[in-house]
Student: 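Below is one structure. I have some questions about it.
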Number of protein chains: 2
Amino acid sequence: MELDDRKKRVLQAIVDDYVATNEPVGSKSLIERHNFQVSSATLRNDMAELERLGFIEKPHTSAGRIPSDRGYREYVDSLMKIDTLSQKEQQEIESRIAGTVDEATELIKNAAHTLSEATGFISLSMSPRLRKSFLKQIKLLMIEPGKALVVLVLSAGVVKDKIVRIPNFITDEQMMQISGAIEKNLTGKPLDEITLVTVETAAKDTEIPSALLRQVLYEAYTAIKQADQLSIYLEGEHKMLAFPDFSSMGRARDLLGTLSDSGMVAGYVNEMENQAAVSGKKDSYMIRIGQEIALEGLDDCSFITATYDMGDTVFGNIGVIGPKRMDYSSVISKMDFVKKKLNEELKKLT
Amino acid sequence: MELDDRKKRVLQAIVDDYVATNEPVGSKSLIERHNFQVSSATLRNDMAELERLGFIEKPHTSAGRIPSDRGYREYVDSLMKIDTLSQKEQQEIESRIAGTVDEATELIKNAAHTLSEATGFISLSMSPRLRKSFLKQIKLLMIEPGKALVVLVLSAGVVKDKIVRIPNFITDEQMMQISGAIEKNLTGKPLDEITLVTVETAAKDTEIPSALLRQVLYEAYTAIKQADQLSIYLEGEHKMLAFPDFSSMGRARDLLGTLSDSGMVAGYVNEMENQAAVSGKKDSYMIRIGQEIALEGLDDCSFITATYDMGDTVFGNIGVIGPKRMDYSSVISKMDFVKKKLNEELKKLT
DNA sequence: TGTTGGCACTCAGGTGAGCCGAGTGCTAAT
DNA sequence: ATTAGCACTCGGCTCACCTGAGTGCCAACA
């Protein structure tokens with residue numbers, strides 16, 4: 001079922017107008033704004049057809065039409081043309097991202113911040129997926145009796161650390177020994193191939209009493225595992241309250257309530273990424289619209305995410321969450337540009 | 001100007017009722033709920049007097065009275081009696097805080113989380129003020145050419161680190177040398193006594209070419225300074241949307257908008273703490289009500305904070321932000337208990 | 001077959017009148 | 001100092017009404 005040309009134009013015009021005005025758009029106002037060379041009655045027929053096909057819907061009988069989720073979907077998939085950013089916008093974004101910080105995590109958050117400022121929506125950033133990155137260094141640093149710091153240096157220039165408890169009477173030299181042994185045997189291994197067993201065998205030719213050893217190794221292991229946990233960072237939640245789309249308080253509460261469970265959101269974004277990966281259609285961005293989003297309270301939102309890249313199969317996501325009634329073209333072009341700049345900066349860091 | 005006994009009771013009853021019902025309270029309903037041994041007309045006289053004195057006010061002519069900021073102030077200062085928590089509540093809180101994590105930062109966030117859950121309000125936690133804490137260890141760890149990790153171990157068991165850039169051709173041994181020299185000379189110094197000069201003199205008897213040295217020392221210095229920066233963590237913002245007090249969307253937006261600038265909030269809490277310190281009346285908690293709060297959009301809120309303690313004059317704050325129409329007694333008792341448990345746990349960590 | 005003008009119908013939202021009731025201030029009596 | 005009584009206020013609710021933008025459908029036309 002293909003839409004004929006005029007119907008496409010009609011759908012496009014409806015989305016554009018509705019996004020711009022936040023009012024259901026009727027056949028008459030459609031004629032006024034766009035110069036279709038036909039009468040309003042003809043458009044009414046087209047609109048009836050579009051409604052039958054599920055692209056648009058009526059809030060109530062005697063109102064204009066608004067795009068349905070499917071209508072937005074059609075719009076982003078084949079109707080819209082992506083904006084190019086003005087020089088000024090590009091500069092604005094560039095100056096915020098370029099050369100600001102030396103650390104990947106900060107850089108990524110910074111990019112997300114820029115994105116939120118540029119779009120006026122909520123921005124999100126996911127920490128890099130480190131499963132596939134490999135260990136470049138691991139150090140156990142004695143802090144005080146019973147307490148040590150595990151420092152991991154991963155490929156892609158990421159550093160993680162964690163304070164752990166260790167047996168009280170372990171000595172500084174013993175720790176150095178363990179540290180050295182682990183490092184020697186684990187360096188170069190991808191994180192997802194490191195198991196408790198790997199860690200234990202890595203340290204088996206030290207002369208530390210095994211009771212002591214076990215606990216230290218276990219803590220080192222959990223530190224490693226913890227390093228590849230995904231975390232998400234959201235910013236600009238309050239901006240959603242400014243949109244009439246969420247003026248009903250109930251919706252606003254549901255939305256912010258769901259977003260406050262960052263673990264859930266992170267899981268969802270992760271799943272989006274995975275699905276995109278298996279489906280093979282790895283676009284430069286991913287979009288989920290309205291009900292397509294399997295999170296409570298996000299029916300009126302859209303998710304748009306992109307992937308940033310840190311080399312060595314290490315990557316993560318940045319994105320925005322906005323009302324589904326948004327200017328997709330503008331948002332996507334902004335996100336694309338931010339992503340590009342972010343990737344450039346990340347490359348410089350390695 | 002002292003209130004006579006009955007007027008005190010009237011004010012107290014008005015606050016209690018208004019907090020419970022969120023409706024302006026009138027003379028008649030006051031008689032019904034509380035057994036004053038006088039007529040409603042008498043109460044009306046009292047209420048007129050209380051209004052003249054600024055403790056209560058009318059939303060409009062023909063409505064009951066609601067407490068003014070000053071009324072709440074009088075209430076918390078001299079009228080309310082602090083609840084004691086039920087066994088069950090105590091256990092609930094205790095089980096969430098006790099023995100959960102090994103790291104101070106996590107523990108504090110966790111306490112704040114518990115507080116938000118227990119009260120249903122926004123909770124806040126400030127990072128410990130480390131200016132007065134002293135350096136127990138400082139290590140420079142070579143990560144890769146051009147990049148190093150500065151690890152600081154402070155008294156009170158806090159560990160901070162930062163990735164810094166260093167000259168590319170500096171060697172591992174040179175780093176160790178610098179690291180050793182700094183550590184030897186700076187250990188035991190309070191953070192606020194460490195300046196760039198201190199750091200530079202600490203390393204002056206190494207044999208590293210001074211051009212290289214300078215950059216490393218500078219980076220080490222910024223890492224140290226960065227360690228005592230205050231940071232704040234807010235949680236549960238979305239919960240405020242559930243209160244009728246913020247149902248007007250405009251207010252909600254102002255509130256969340258202001259809170260999204262965490263630097264500003266941190267600065268404010270810090271200032272509160274300082275003022276309490278100089279005024280000398282160091283209570284177990286601090287309260288700011290309504291307009292007393294010098295932050296935009298918080299006119300309808302109250303801040304309640306307490307101080308946690310990590311020994312060695314290192315301390316920070318936890319607290320809640322809720323509608324000023326809140327059950328102060330219950331909130332304060334909860335916060336007090338959480339604070340107590342947090343302090344106990346922090347003590348165990350050192 | 002696609003397009004058009006015309007017409008009856010629908011319905012959300014705004015307006016204004018009217019009523020209700022909780023609450024007040026004031027006054028005169030106790 | 002307290003109380004009973006009374007006139008007055010005013011926010012909020014309900015109801016009826018109107019308006020206007022928009023629709024669906026039909027008959028006519030190219």
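Residue numbers start from 1 in every chain, and the chains themselves are labelled A, B, ... in the order their sequence lines are given, proteins ahead of strands.
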Student: In whole angstrom, give the distance that lies between atom NZ of Lys28(B) and atom P of dT3(D).
Tutor: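 From Lys28(B) NZ to dT3(D) P: 16 Å.
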Student: What about Arg44(A): does its side chain form a donor-acceptor pair under 3.5 Å with the base of dG6(C)?
Tutor: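 Checked by distance alone, the answer is yes.
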Student: Which comes earlier along DNA chain D counting from the 5' end, the contact point of His60(B) or that of Ala41(B), where each point is its nearest nucleotide?
Tutor: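 That would be Ala41(B).
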Student: Nearest to the side chain of Ser29(B), heavy atoms from C-beta on, is which of dG25(C), dT3(D), dG23(C)?
Tutor: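 For the Ser29(B) side chain, the nearest candidate turns out to be dG23(C).
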Student: Between dT24(C) atom P and Asp46(B) atom CG, what is the distance in whole Å?
Tutor: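 Interatomic distance, CG of Asp46(B) to P of dT24(C): 12 Å.
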Student: Any side-chain heavy-atom pair from Ile293(A) and Ile321(A) closer than 4.5 angstrom?
Tutor: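 When only atoms from C-beta onward are counted, Ile321(A) and Ile293(A) do not touch, as no gap falls below 4.5 Å.
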Student: What contact category does Ala63(A) fall into here, base, sugar-phosphate, or nothing, at under 4.0 angstrom with non-hydrogen atoms?
Tutor: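 Here Ala63(A) touches the backbone only, sparing every base.
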Student: Is the Phe243(A) ring parallel, tilted or perpendicular to the Phe121(A) ring (thresholds 30°, 60°)?
Tutor: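 It falls in the tilted class, 30° to 60°.
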Student: So does Ser62(B) reach the base of dT9(D) with its side chain, donor to acceptor, closer than 3.5 Å?
Tutor: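 Such a pair exists between side chain and base.
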Student: In whole angstrom, what separates Ile56(A)'s CD1 from dG24(D)'s C1'?
Tutor: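 Atom-to-atom, Ile56(A) to dG24(D), this comes out as 14 Å.
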Student: Between Glu51(A) and Arg65(A), is the closest basic N to carboxylate O distance under 4.0 Å?
Tutor: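 The answer is yes: the pair qualifies as a salt bridge.
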Student: Choosing from dT3(C), dG24(D), dT2(D), which nucleotide comes nearest the side chain of Arg6(A)?
Tutor: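 Of the candidates, dT3(C) comes closest.
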Student: Tell me whether the OP1 or OP2 atom of dG24(D) has a side-chain N or O from Lys58(A) closer than 4.0 Å.
Tutor: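 Yes.
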Student: Using whole Å, report how far CD1 of Ile31(A) lies from C1' of dG5(C).
Tutor: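 For the pair Ile31(A) CD1 and dG5(C) C1', the rounded distance is 13 Å.
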Student: Check every strand shown and say whether Ser27(A) touches a base, only sugar-phosphate, or nothing at a heavy-atom separation below 4.0 Å.
Tutor: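 Touches sugar-phosphate only.
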Student: Over how many whole Å does the gap from Glu23(A) atom CD to dA12(C) atom P extend?
Tutor: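 Atom-to-atom, Glu23(A) to dA12(C), this comes out as 15 Å.
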Student: Under a 4.0 Å threshold between the charged nitrogen and the carboxylate oxygen, would Glu117(A) count as salt-bridged to Lys239(A)?
Tutor: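 Salt bridge between Lys239(A) and Glu117(A), a charged N being under 4.0 Å from a carboxylate O: yes.
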Student: Can you tell me the distance, in whole Å, between the CG atom of Leu43(A) and the C1' atom of dA21(D)?
Tutor: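 Rounded to the whole Å, the gap is 16 Å.
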Student: Taking for each residue the nucleotide of DNA chain D bearing the nearest heavy atom, is the 5' side occupied by Thr61(B) or by Ser39(B)?
Tutor: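 In this pair, the answer is Ser39(B).
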Student: Rounding to a whole Å, what distance do you find between Asp17(A):CG and dG22(D):P?
Tutor: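 In whole Å, dG22(D) P lies 11 Å from Asp17(A) CG.
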Student: Return the value, rounded to whole Å, for the distance between atom CE of Met47(A) and atom P of dG2(C).
Tutor: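 Those two atoms, CE and P, are 19 Å apart.
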Student: Looking only at side chains, do Ser329(B) and Asp83(B) share a donor and an acceptor under 3.5 Å apart?
Tutor: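 Per modelled atom types, Ser329(B) and Asp83(B) side chains form a pair under 3.5 Å.
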Student: Using a cut-off of strictly less than 4.0 Å, decide whether Arg65(B) has a side-chain nitrogen or oxygen near OP1 or OP2 of dT24(C).
Tutor: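 The answer is yes; a side-chain N or O of Arg65(B) sits under 4.0 Å from OP1 or OP2.
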